[in-house]
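A short worksheet on the structure shown next.
This one's a predicted model, so the numbers in the text were calculated from it and none came from an experiment. Just so you know, ligand 1 is whichever comes first in the structure, and atom 1 is the first atom listed for that ligand.
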Amino acid sequence: MPMFHLGWFTNFSNPPWNHPWAGTEGRDWPRGDAHVEFTRALERACFDYVMLEDSSMVSDAYEGSMRADLKHGLYAPKHDPVVLAPLLAAATERIGIVATASTSFYPPWLLARRFATLDHISHGRIGWNVVTSSEDRAAQNHGMDALPAHDERYERADEFVDVVGRLWDSWEPDALVLDRERGVYVDHEKVHVLDHRGKHFATRGPLNLTRPPQGRPVLCQAGGSPRGRDFAARNADTVLAMLSDPDEMKEYRDDVRARMVAIGRNPDDCKIMFITTPVLGDTEEEARAKAEVVRTPTETKIEVSLAHMSAVSEVDFAAFDLDTPIADLDVRTNGHQSSLASFLRNGSTVREAAIASMNKVLHFVGTPESVAEQMGETMEHVGGDGFLFTGNIGRRFVGGITEGLVPALQRRGLTRTAYTHERFRDNLLDF
Ligand SMILES: Cc1cc2nc3c(=O)[nH]c(=O)nc-3n(C[C@H](O)[C@H](O)[C@H](O)COP(=O)(O)O)c2cc1C
């Protein structure tokens with residue numbers, strides 16, 4: 001069994017603040033220290049990357065009110081991950097740092113410049129999570145009444161990624177000549193104007209800085225609809241997927257790989273990472289008891305689950321009685337289509353769907369040794385690439401993974417014990 005990759009899916013937002021092991025992070029996280037400490041712990045465990053998701057709204061999709069979003073700290077408060085990235089880069093040496101930025105809100109030239117700068121100052125360790133955004137509430141913060149339609153957003157994103165890539169290429173790798181004798185710093189013949197005038201974007205170029213160390217930062221994507229999978233197959237170096245069972249994971253990975261082959265890409269050039277939250281204990285019994293507590297639905301957990309789904313679909317799930325049969329719902333979204341579809345498949349009533357989606361990423365329960373074993377078996381079944389942990393970035397939970405589970409994975413030869421390369425993509429494509 002070849003090794004697999006590890007990442008962590010989080011954001012620049014509040015760690016859980018009111019559970020028994022929360023410490024002071026609920027108040028202190030806006031300073032960034034907690035995220036720095038967290039990322040250092042991941043680097044000690046040789047993770048490929050930390051992925052920082054983002055959105056730009058306070059959601060009032062649930063009950064038509066900001067109450068649930070703010071009460072539970074779901075979509076806000078949230079800081080800009082692009083601004084956190086240099087702090088994380090300065091505090092680490094090898095781990096990849098992926099920041100989310102939206103093709104619906106950034107102008108391409110600005111994004112290309114910003115991520116090229118980040119790639120330089122991180123010495124080639126930056127990734128961009130390409131999102132099209134999903135909420136009209138976010139669009140309204142950027143001068144629009146509503147987002148473009150779902151498939152049109154992906155069409156715009158295709159053009160956006162193409163233009164940004166050409167901006168990164170607008171300086172040839174050897175444009176910076178530093179020729180003392182001739183007194184030439186940059187060879188102007190190696191810097192090229194684009195004059196791009198496309199359907200959605202226009203930019204003249206060139207960029208005003210040298211080519212990023214990785215050529216282009218690592219591109220990350222998470223969109224499960226057929227259109228989203230095509231986009232990933234064309235553009236992504238790594239894809240995030242949230243699926244509950246190993247057969248679905250295998251089907252998803254095989255599908256994205258087949259789409260890559262169909263357009264002439266080597267499928268090994270994109271790593272598909274499955275989101276998971278292990279439940280760890282000192283003994284099997286302790287872990288099972290913990291998982292039981294996590295899985296037990298409460299009113300708060302159901303509200304949080306529904307408010308999440310409302311935020312990304314902009315369907316008001318508070319409007320339905322919890323016992324409403326899913327079959328009676330006629331709901332559609334211009335937002336996360338695959339997330340809504342999978343939510344609706346999860347149970348026969350609104351309550352069941354909310355509970356199932358809350359437990360969706362609890363694949364592995366046990367001691368570090370037994371969870372390492374289970375993760376290896378799942379990867380074997382799926383065919384590869386890796387896992388992206390998610391959940392509580394408080395010190396206690398993170399320590400359980402980095403100081404307990406990862407060493408157990410390493411002892412089995414399942415994950416790396418040292419970085420081979422300096423740059424993010426090179427480490428990602430190493431196996
Ligand atoms: C695990 C995961 C993480 C995501 N992270 C973000 C994010 O940070 N910001 C964002 O706007 N959308 C995010 N999305 C949404 C996707 O980028 C995509 O827009 C959404 O899944 C809808 O695509 P689809 O209709 O193709 O499934 C995420 C989706 C998933 C499944």
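Other residues, nucleotides and ligands contribute over 12 non-hydrogen atoms within 6.0 Å of the CG atom of D323.
Contact record, F105 with S133: CE1-OG, 3.2 Å, taken as the closest heavy-atom pair.
Residues satisfying the side chain to side chain donor-acceptor pair (under 3.5 Å) criterion with S65, sequence neighbours excluded, are absent altogether.
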(request) Evaluate the criterion ring pair (Phe, Tyr, Trp, His ring centres under 6.0 Å) for residue pair F387 and F364; output intermediate values, then yes/no. (result) CA-CA 12 Å; F387 291 102; F364 308 115; 5.5 Å; yes

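A cation-pi arrangement is present between R396 and W21, with the terminal nitrogen or guanidinium carbon under 6.0 Å from the aromatic centre and inside a 45° cone about the axis.
A donor-acceptor contact shorter than 3.5 Å links the side chain of K271 to the backbone of F431.
The immediate protein surroundings of ligand 1, defined as residues with any heavy atom under 4.0 Å of it, consist of F9, E53, D54, T100, N129, V131, S133, S134, H150, Y154, A222, G223, G224, S225, G228, I275, G335, H336, Q337, S338.
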